[in-house]
Amino acid sequence: MDPRAWRRFRKNKGAIVGALLVLFVTLTAFLGPLAAPKDPDLQYSEGLDATTGLPVAANAQFRMGADQLGRDELSRLLHGGRVSMQVAFGATALAVFVGLAIGVATGFFGGVFDTATMRLVDVLLSMPFLLIVIVINQVFDSPSLAVLYVLLGLLSWTTLARVTRAKTMQVRELEFVQAARALGMSRSRIVVRHVLPNVIQPAIILGSTLVAQIIIVESAMSFLGLGVRPPTSSWGTMLHDGVGFISNAPRLVLLPGALIVAAVFGFNLLGEGLRDALDPKS
Amino acid sequence: MLTVIGRRSLWAIPVLFVIQTSVFLLLNALGDPAVAQLGPRASAAQLQNWRHQHGTDRPLGTRYLEYMGGLVHGDMGVSHQESRRSVTDVLETRLPRTALLGAMAIVIEVVLGLLLGVIAAVRRNTLVDTGVMGVAILGISAPTFVTGLLFLNILAFRFGWFPVGGYGVDAMDHLRHALLPAFTLAITGIATYARVMRAEMLETLRSDYIRTARAKGLSEFRTVVVHAVRNALLPVVTLVGLSLPIIVSGAIISEAIYAWPGLGRLAVESITSRDDPVVMGVVLLSSLGVVIGNLFADIGVAALDPRVRTDG
């Protein structure tokens with residue numbers, strides 16, 4: 001990376017806060033399961049109050065209290081994050097890959113393929129996103145995480161493809177690309193050596209915001225009970241389960257909610273910081 | 001200008017057609033609504049009987065042509081529910097309720113968003129500015145269901161300032177019940193408008209005519225409100241179209257939290273019970289909302305930027 005960009009990034013407080021939040025949430029999500037004190041799916045009779053049947057508050061055994069089924073809330077939070085992040089990263093990786101490939105191909109080669117693809121992008125951008133994702137996810141009966149992130153990935157590449165396409169068309173006309181062509185460089189080599197390095201920056205910036213958006217969509221779906229299906233649970237599912245206890249045990253909603261907000265906030269700040277650092281003109 | 005509007009509106013027809021066809025194929029080619037409707041314990045004969053009764057045992061092609069043919073005449077089929085109400089009828093009860101939430105949300109987000117944006121711009125690089133913008137990006141990051149649950153818990157349960165969900169009994173009561181769900185729906189918009197308005201204002205405040213206004217001795221308030229805000233307003237207001245897609249998605253969440261019986265609730269209910277004709281109807285209305293929103297945004301951009309008009 002350009003050292004000046006790195007300096008701009010370091011001086012940006014928002015970007016640093018974002019990066020730290022992202023680091024915190026990602027570490028929680030991927031190392032959390034190792035640190036979880038208990039089995040997240042095991043129900044403890046001590047977790048529920050003997051007289052009221054309500055989940056117990058934080059104590060020595062359950063450091064963040066128990067949930068509505070007497071499971072250890074802390075362990076569930078640590079495990080749930082992995083599901084949320086796995087979906088977000090998986091879907092974003094897929095969306096960035098598809099978006100880059102389609103953006104570069106349409107921008108570089110143009111023609112009928114370009115027109116047809118851009119029409120498809122128009123259609124995808126006219127969809128009521130959340131509704132369609134829920135419908136498709138519900139149609140697949142198998143409760144698989146893979147379905148969810150392939151689905152989210154395949155529907156989220158549109159903006160990135162548009163931006164990449166515009167940038168590619170711009171780069172294609174620059175002198176050094178024409179020079180490379182005049183020197184007899186093959187088209188695939190031009191794409192890899194000259195076009196890709198120039199479109200990768202917007203992809204990184206958009207990718208960071210995309211992670212945030214996908215975390216929102218996944219947890220919204222799970223919150224509605226139409227996303228990740230039991231026994232697998234994400235922060236969104238925990239929120240869904242906690243709603244019934246919002247007045248008795250608000251922490252069942254507040255804890256997963258705070259983690260979702262931290263994750264989304266972090267990725268948004270990071271995305272903005274990256275944009276300010278890499279693309280100071282905008 | 002009119003050609004741009006005309007062309008963009010016509011383009012909406014194939015877009016809606018493609019969406020509707022894809023969803024129809026998805027719903028009908030995969031999974032069986034009979035099982036979802038009758039439950040896993042239904043016998044094979046019961047299932048067969050249900051399929052026959054609701055016509056889902058006929059070939060896919062026939063059903064598709066029948067559905068699309070009906071759609072052209074405004075007939076969206078009949079709900080799979082016991083009541084066998086027509087989909088148009090179901091949508092007619094639900095749509096106005098969601099429209100009320102949406103309209104209130106748009107008013108709230110435009111008014112509050114612009115106000116916050118102006119304040120941040122006028123007090124730029126002060127604590128007020130940083131505070132407002134920090135809250136704004138937090139507002140964009142906090143998903144509707146988190147803010148909604150917080151409001152529900154604090155403003156409705158703890159303080160009792162608002163009713164705890166539901167629809168109410170008469171017109172005034174509906175409005176009272178709509179306030180919190182509409183405000184929840186507006187959060188993202190408030191944050192977005194505040195950010196855009198701040199940027200527009202900062203640019204306007206730097207322009208020459210503002211310096212002239214100040215130089216001729218106008219009060220700061222008059223300069224800002226009469227001269228700057230008026231010019232910064234236009235580009236921001238053209239963005240209102242873009243709120244529509246957000247409201248379409250947001251309504252699903254907000255209505256779920258506050259038990260508001262609108263289209264969003266209908267979406268979740270019909271998807272869970274595999275009431276496919278109703279799902280198709282909700283998808284059609286929602287796509288229409290998104291398309292209209294995008295159309296308004298495009299028209300707004302075209303109205304402001306003459307280059308777009310000719311490129312169209």
Side-chain angles (χ1 to χ4, degrees), chain A residues 13-14 17-18 21 119-120 122-141 209 212-213 215-226 235-236 239-240 242-243 246-247 250 252-254 256-269 271-272, chain B residues 11-12 14-19 22-23 26-32 35-36 133-134 137-138 140-150 152-154 157-158 164 245 248-250 252-253 256-257 263-264 267-268 270-272 274 279-280 282-283 285-291 293-295:
Chain A
K13 276 188 217 109
V17 172
L21 275 176
R119 288 292 173 252
L120 175 66
D122 276 350
V123 173
L124 287 176
L125 286 174
S126 303
M127 286 182 339
F129 189 82
L130 183 61
L131 181 61
I132 298 284
V133 178
I134 291 176
V135 170
I136 302 179
N137 191 50
Q138 199 65 11
V139 164
F140 286 98
D141 280 327
T209 10
Q213 283 164 14
I215 295 175
I216 295 191
V217 174
E218 182 276 323
S219 32
M221 292 169 73
S222 300
F223 167 70
L224 293 170
L226 297 167
W235 290 336
L239 214 52
H240 168 84
V243 171
I246 192 162
S247 50
L252 295 183
V253 167
L254 293 179
L259 284 170
I260 294 170
V261 175
V264 178
F265 192 39
F267 277 103
N268 274 340
L269 278 179
E272 288 210 349
Chain B
W11 170 234
V15 167
L16 291 177
F17 175 78
V18 171
I19 295 178
S22 325
V23 176
L26 270 166
L27 283 172
N28 286 278
L30 299 159
D32 185 355
V35 182
M133 284 305 111
I137 190 164
L138 200 59
I140 291 180
S141 304
T144 317
F145 47 89
V146 175
T147 39
L149 288 173
L150 272 181
L152 183 69
N153 187 22
I154 298 170
F157 269 122
R158 296 271 149 93
V164 186
V248 168
S249 288
I252 301 180
I253 308 287
I257 297 173
L263 276 182
V268 176
S270 58
I271 291 169
T272 342
R274 281 303 299 271
V279 176
M280 294 291 299
V282 176
V283 168
L285 275 193
S286 310
S287 319
L288 198 62
V290 176
V291 168
N294 288 342
L295 187 65

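Keep in mind that this is a model prediction, so the values were computed, not measured. Numbers restart at 1 for each chain; the letters A, B, ... are given by sequence-line order, proteins then strands.
Checking each of A:Leu224, A:Leu239, A:Val253 against B:Phe145 for a side-chain contact (heavy atoms from CB on, under 4.5 Å) leaves exactly one that passes, namely A:Leu239.
With a 4.5 Å cut-off on non-hydrogen atoms, A:Val243 touches chain B through its side chain but not through its backbone. Neither the backbone nor the side chain of B:Leu16 comes within contact range of chain A; no heavy atom of the residue lies under 4.5 Å from a heavy atom of that chain. Contacts of A:Leu226 with chain B are made by side-chain atoms alone, with heavy-atom separations under 4.5 Å and no backbone atom involved. Proximity to chain B (any heavy atom under 4.5 Å) is shown, for A:Ala220, by both the backbone and the side chain. Proximity to chain B is absent for every atom of A:Gln213, based on heavy atoms less than 4.5 angstrom apart. Looking at B:Val283, the atoms closer than 4.5 Å to chain A (heavy atoms on both sides) sit in the backbone and in the side chain alike. Within the 4.5 angstrom heavy-atom criterion, atoms from both the backbone and the side chain of A:Val123 approach chain B. Contacts of A:Ile215 with chain B are absent, with no heavy-atom separation under 4.5 Å from either backbone or side chain. In this structure, chain B has a heavy atom under 4.5 Å from the side chain of A:Phe223, while its backbone stays farther away. For A:Leu124, no part sits under 4.5 Å from any heavy atom of chain B, backbone or side chain.
Heavy-atom pairs under 4.5 Å with chain A peak, among B:Ile137, B:Leu288, B:Ile252, B:Leu26, at B:Ile137. The residue among B:Ile140, B:Leu150, B:Ile19, B:Val291 with the most heavy atom pairs within less than 4.5 Å of chain A is B:Ile19. Contact count versus chain A (heavy atoms, under 4.5 Å) is highest, among B:Thr144, B:Leu149, B:Val23, for B:Leu149. For the set A:Ser219, A:Gly257, A:Ala258, A:Ala262, the entry with the most heavy-atom pairs within less than 4.5 Å of chain B is A:Ser219. Among B:Gly289, B:Ala142, B:Ser286, the residue making the largest number of heavy-atom pairs under 4.5 Å with chain A is B:Ser286. Among B:Val282, B:Asn153, B:Ile257, B:Val248, the residue with the largest count of heavy-atom pairs under 4.5 Å with chain A is B:Asn153.
With rounding to the nearest 0.5 Å, the separation of OG in B:Ser287 from CZ in B:Phe17 is 13.5 Å. Considering CG of A:Leu254 and CG of A:Leu259, their distance stands at 11.0 Å, rounded to 0.5 Å. Once rounded to the nearest 0.5 Å, the distance linking CD of A:Glu272 with OG1 of A:Thr209 reads 9.0 Å.
Remark: A:Ser222 engages A:Glu218, A:Val228, A:Ser234, A:Thr237 in a side-chain contact (heavy atoms from CB on, under 4.5 Å) (not counting sequence neighbours). Taking B:Ile271 as the reference, A:Leu131, A:Ile134, A:Val135, A:Gln138, B:Val279 meet the side-chain contact (heavy atoms from CB on, under 4.5 Å) condition, with sequence neighbours excluded.
What you find for B:Asn294 and B:Pro245 is that their closest heavy atoms are OD1-CG, 4.0 Å. When all heavy atoms are compared, the tightest approach of A:Pro256 to A:Trp235 is CB-O, 3.6 Å.
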*A:Leu130 and A:Met221: CA distance, side-chain angles, deciding distance, side-chain contact (heavy atoms from CB on, under 4.5 Å) verdict*: CA-CA 8 Å; A:Leu130 183 61; A:Met221 292 169 73; 4.0 Å; yes
*Does the pair A:Val133 and A:Met127 meet the rule for a side-chain contact (heavy atoms from CB on, under 4.5 Å), with working shown?*
CA-CA 10 Å; A:Val133 178; A:Met127 286 182 339; over 6 Å; no
